[in-house]
J.: 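Got a structure here, written out as structure tokens. Questions coming.
Values below: all heavy atoms of this structure, side chains included; hydrogens, waters and symmetry mates excluded. Whatever order the structure lists ligands and atoms in, that order sets their numbers, starting from 1.
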Amino acid sequence: MIAVLCGGVGAARFLGALAQVVEPSDTVGIVNTGDDTVLHGLAISPDLDTVVYTLAAAIDPERGWGLADESWRAMEALQRYVAVRPDGSSAAPNWFNLGDRDLATHFYRTARLREGASLSEVTAEICAAWGVTQRLIPMSDDVVSTVVTLAGGADVSFQEYFVKLRHGVPVERVTFAGADVAQLTPGLDHVLTSADCVLIAPSNPIVSIGPIRALDGVDAILGARRSSVVAISPIVGGVALKGPADRMMTELGHEPSVVGVARLYAPIAATLVIDPVDAHLADAVAAAGMHPVVTPSVMSTPEIGAELARAALRAASAERS
Ligand code: FO1
């Protein structure tokens, strides 16, 4: 069994690539829920939904989130109420776009959670509904919320930072509210200890992989088996393939490069897969404590994705110190 630590878009693409090489039912995706939010009273889990929709080949390829062939009638209808909403009311938030078909997922998840189902139970039902055979498990059934402290001190939710502010403001600190008391989803400690290998998908090390690591026991479990933990760098040539990872790393004092990623992951993973464009940094990655493996990391074709997955699996079985 292969365990994969997942954020959203990059992880979804990597799981798709991995599925060309490994039986999907033998893969467990441990997915970040720090991005989750409640809007319109609906429980929304963006990274889980991005992974499910991508693996179901239903994702909108341009946006990388939400469903293809969407309509936005509910959001359009909401505008009428935005016009009369009293100041200070959080009703009718129109900055977070929810497609009409995407709403069905939030309706279902919200109703099931309200009946007492756990997020991992509901996620398994949603996977079944979409025919996704990878086991996708939220990192925790408890609420963990990524809080972004902006330069100047204001705290905003991750989605307010990422979508409402278009991540266009400098970040001072990132914290994970609830991570100190949240439990790793039951069974995931066994998954992380017994997996043949653990892969860290090319997701944002701070806000996608960080929340998973913030849960009690995760770094200890991975550190104890780091020789078979392999990370794929989400930074190529000093820039993030998607989202604000490079700028966030800079603003939080990390080097926005494969070396900066290596410094973050060295305690929990022995190998970092880097793109040839960063091959000149291989020695610096080694000096940061990770064994560099150079292979094309931009999954622009299924073949490149499959070869990236194979390289990661080979490195994981090479048993490094
Ligand atoms: N991202 C945006 O940039 N704008 C949006 O309006 C937006 C809506 C949205 C709705 C559902 C969903 O599952 C994801 C959505 N995202 C949107 C992406 C989301 O903010 C990101 O996927 C993550 O949270 C970061 O990986």
Side-chain angles (χ1 to χ4, degrees), residues 4-15 29-56 58-76 78-79 82 92-110 119 122-123 126-127 129-130 132 136 138-139 143-148 156-169 171 174 176 200-212 234-235 240-249:
V4 186
L5 303 192
C6 298
V9 178
R13 289 205 180 118
F14 181 69
L15 284 179
I30 300 171
V31 184
N32 169 43
T33 57
D35 294 6
D36 290 11
T37 186
V38 175
L39 293 169
H40 316 280
L42 297 173
I44 298 166
S45 297
D47 282 351
L48 282 165
D49 291 349
T50 294
V51 175
V52 169
Y53 291 166
T54 300
L55 295 178
I59 196 83
D60 180 279
E62 276 70 52
R63 282 181 266 115
W65 53 266
L67 290 167
D69 312 324
E70 259 299 10
S71 57
W72 307 90
R73 303 296 301 275
M75 289 303 291
E76 287 157 14
L78 212 52
Q79 286 307 108
V82 173
N94 58 337
W95 52 272
F96 194 79
N97 295 305
L98 292 164
D100 297 324
R101 296 169 61 225
D102 187 33
L103 281 173
T105 303
H106 312 307
F107 290 166
Y108 183 73
R109 177 166 41 232
T110 304
L119 183 58
V122 185
T123 301
I126 293 170
C127 285
W130 286 94
V132 170
L136 299 181
M139 67 185 198
V143 176
V144 177
S145 301
T146 299
V147 177
V148 178
V156 295
S157 75
F158 177 80
Q159 295 304 339
E160 283 172 294
Y161 162 73
F162 189 79
V163 178
K164 198 172 189 180
L165 300 172
R166 299 192 185 292
H167 51 79
V169 286
V171 171
V174 173
F176 308 118
I200 302 177
S203 296
N204 187 315
I206 311 258
V207 291
S208 296
I209 305 300
I212 302 172
I235 301 276
L241 295 176
K242 178 120 179 129
D246 47 9
R247 233 197 32 252
M248 259 187 160
M249 286 178 73

J.: State whether the side chain of R63 and the backbone N or O of L67 hold a donor-acceptor pair below 3.5 Å, judged by distance alone.
T.: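 Such a contact is found between R63 side chain and L67 backbone.
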
J.: Sequence neighbours excluded, which residues qualify as salt bridge (Lys or Arg N to Asp or Glu O under 4.0 Å) partners of D49?
T.: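 Scan of D49 (salt bridge (Lys or Arg N to Asp or Glu O under 4.0 Å), adjacent residues dropped) gives R109.
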
J.: How would you list, by chain and number, every residue that makes a side chain to side chain contact (heavy atoms under 4.5 Å, CB included) with V174, sequence neighbours excluded?
T.: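 Partners of V174 under the side chain to side chain contact (heavy atoms under 4.5 Å, CB included) test: T146, V171, F176, I206, V207, M248, L252.
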
J.: Looking at E160, is its backbone amide N or carbonyl O close enough to the side chain of S157 to form a donor-acceptor pair, meaning the two atoms are under 3.5 Å apart?
T.: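 Confirmed, S157 side chain pairs with E160 backbone.
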
J.: Which pairs of nitrogen or oxygen atoms, taken one from ligand 1 and one from the protein, are under 3.5 angstrom apart?
T.:
from     : atom 1 : to   : atom 2 : distance (Å)
ligand 1 : 1 (N)  : W65  : NE1    : 3.4
ligand 1 : 6 (O)  : N97  : N      : 2.9
ligand 1 : 6 (O)  : N97  : ND2    : 3.2
ligand 1 : 20 (O) : Q159 : OE1    : 2.7
ligand 1 : 24 (O) : D35  : OD2    : 3.0
ligand 1 : 24 (O) : Q159 : NE2    : 2.7
ligand 1 : 26 (O) : D47  : OD1    : 3.2

J.: Please name the residue in the list S145, P211, P46 that meets the side chain to side chain contact (heavy atoms under 4.5 Å, CB included) test with D36.
T.: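 Among S145, P211, P46, the one that satisfies the side chain to side chain contact (heavy atoms under 4.5 Å, CB included) with D36 is P46.
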
J.: List for me each residue that meets salt bridge (Lys or Arg N to Asp or Glu O under 4.0 Å) alongside R166, sequence neighbours excluded, and say none if there are none.
T.: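 If we apply the salt bridge (Lys or Arg N to Asp or Glu O under 4.0 Å) test to R166, skipping adjacent residues, there are no hits.
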
